[in-house]
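Since the structure comes first, as structure tokens, the remarks are kept for the end.
Source: prediction; values computed, not measured.
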Amino acid sequence: MMTHLPVFLVIVPLLAAPLALLLRRSTAVQTLVSLVLLHQLVVAVQLVGRVFESGVISYPIGNWPPPWGIELFVDPLNALIVLLLALIGAIVGPWSLSAAEQEIPGRRQHVFSALLLLMTAGLYGMSVTGDAFNVFVF
């Protein structure tokens with residue numbers, strides 16, 4: 001399970017975003033987003049510990065070698081950036097949801113939550129990708 005930490009950073013918010021669109025209830029969506037952001041913080045802390053303990057992590061997606069496939073690459077600097085993103089997300093994310101209640105009509109708040117999750121997936125993806133093309137994709 002610990003070997004899949006880099007991909008969890010991208011996949012969990014990416015899968016939670018459509019779920020936020022389907023839930024539509026404000027409290028359920030806020031709970032989902034808060035749990036995902038807290039999960040990302042836990043994964044980031046574990047990833048930092050693993051990188052500083054055993055060195056650079058290279059995770060080829062689908063077992064394709066890096067020139068042809070997508071490689072997630074985490075070195076100590078990337079791990080610290082991911083930790084910083086996770087800390088900011090865990091602190092600011094729930095606050096932004098409550099602030100969005102005042103700015104966005106009630107029937108559209110789940111869209112904001114889904115976009116917030118997609119943004120976090122993209123930020124984590126840009127932080128751990130191994131090449132410039134995938135930075136553009138994320």
Side-chain angles (χ1 to χ4, degrees):
M1 195 66 138
M2 293 291 279
T3 59
H4 303 296
L5 288 175
V7 80
F8 282 154
L9 286 171
V10 179
I11 292 296
V12 170
L14 201 60
L15 293 177
L19 187 58
L21 286 176
L22 292 174
L23 287 176
R24 290 188 176 254
R25 285 195 5 233
S26 179
T27 56
V29 172
Q30 286 181 351
T31 304
L32 173 71
V33 171
S34 297
L35 287 175
V36 168
L37 293 175
L38 186 63
H39 173 267
Q40 298 301 87
L41 180 61
V42 170
V43 169
V45 168
Q46 290 177 345
L47 189 64
V48 167
R50 183 147 186 257
V51 166
F52 282 109
E53 178 183 305
S54 56
V56 174
I57 298 172
S58 176
Y59 188 91
I61 304 291
N63 288 330
W64 286 78
W68 294 282
I70 298 172
E71 176 191 25
L72 299 180
F73 181 81
V74 184
D75 62 4
L77 181 61
N78 291 6
L80 290 176
I81 290 171
V82 164
L83 181 62
L84 181 64
L85 287 172
L87 279 170
I88 291 171
I91 293 168
V92 176
W95 174 81
S96 69
L97 295 174
S98 63
E101 287 180 351
Q102 300 169 358
E103 300 291 329
I104 300 171
R107 65 183 192 282
R108 305 294 291 168
Q109 289 175 4
H110 62 284
V111 176
F112 172 79
S113 300
L115 291 174
L116 177 69
L117 290 170
L118 289 175
M119 181 198 65
T120 58
L123 286 172
Y124 289 126
M126 286 189 300
S127 301
V128 299
T129 190
D131 59 0
F133 174 74
N134 288 315
V135 169
F136 174 73
V137 169
F138 283 117

Are the side chains of [X] and [Y] in touch, meaning some heavy atoms are under 4.5 Å apart?
| X | Y | result |
| --- | --- | --- |
| H110 | L23 | no |
| V56 | V74 | no |
| H39 | V42 | no |
| T129 | F136 | no |
| I57 | R50 | yes |
| V36 | V33 | no |
| L116 | L97 | yes |
| L41 | L37 | no |

List the atom of [X], the atom of [Y], and the distance in Å for their closest heavy-atom pair.
| X | Y | answer |
| --- | --- | --- |
| V128 | P6 | CG2-O, 4.4 Å |
| G89 | P94 | O-CD, 3.8 Å |
| I81 | S127 | CG2-OG, 3.7 Å |
| L5 | Q46 | CD2-OE1, 3.6 Å |
| V82 | A44 | CG1-CB, 3.8 Å |
| Q109 | A100 | NE2-O, 4.0 Å |

Is it the case that one hydrophobic cluster holds both [X] and [Y], taking links as side-chain heavy atoms less than 4.5 Å apart, direct or via other members?
| X | Y | value |
| --- | --- | --- |
| Y59 | V12 | yes |
| L84 | W95 | yes |
| F8 | M126 | yes |
| V43 | V10 | yes |
| I61 | L47 | yes |

Please report the interatomic distance [atom1]([X]) to [atom2]([Y]), rounded to the nearest 0.5 Å.
| X | Y | atom1 | atom2 | value |
| --- | --- | --- | --- | --- |
| I70 | F138 | CD1 | CZ | 6.5 Å |
| S113 | L117 | OG | CG | 7.0 Å |
| L80 | L85 | CG | CG | 11.0 Å |
| L118 | L21 | CG | CG | 8.0 Å |
| L19 | L14 | CG | CG | 12.5 Å |
| L9 | L72 | CG | CG | 8.5 Å |

Name all residues meeting the side chain to side chain donor-acceptor pair (under 3.5 Å) criterion together with T31; count only those two or more places apart in sequence or in a different chain, and write none if there are none. none

Which residue pairs satisfy the side chain to side chain donor-acceptor pair (under 3.5 Å) criterion with at least one member in residues 70-88, sequence neighbours excluded?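 Every pair satisfying side chain to side chain donor-acceptor pair (under 3.5 Å) with a residue in residues 70-88: S58-E71.
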
Using the rule given for side chain to side chain contact (heavy atoms under 4.5 Å, CB included), can you reason through M119 versus L123, listing the C-alpha separation, both sets of side-chain angles and the distance that settles it, and then say yes or no? CA-CA 6 Å; M119 181 198 65; L123 286 172; 4.2 Å; yes

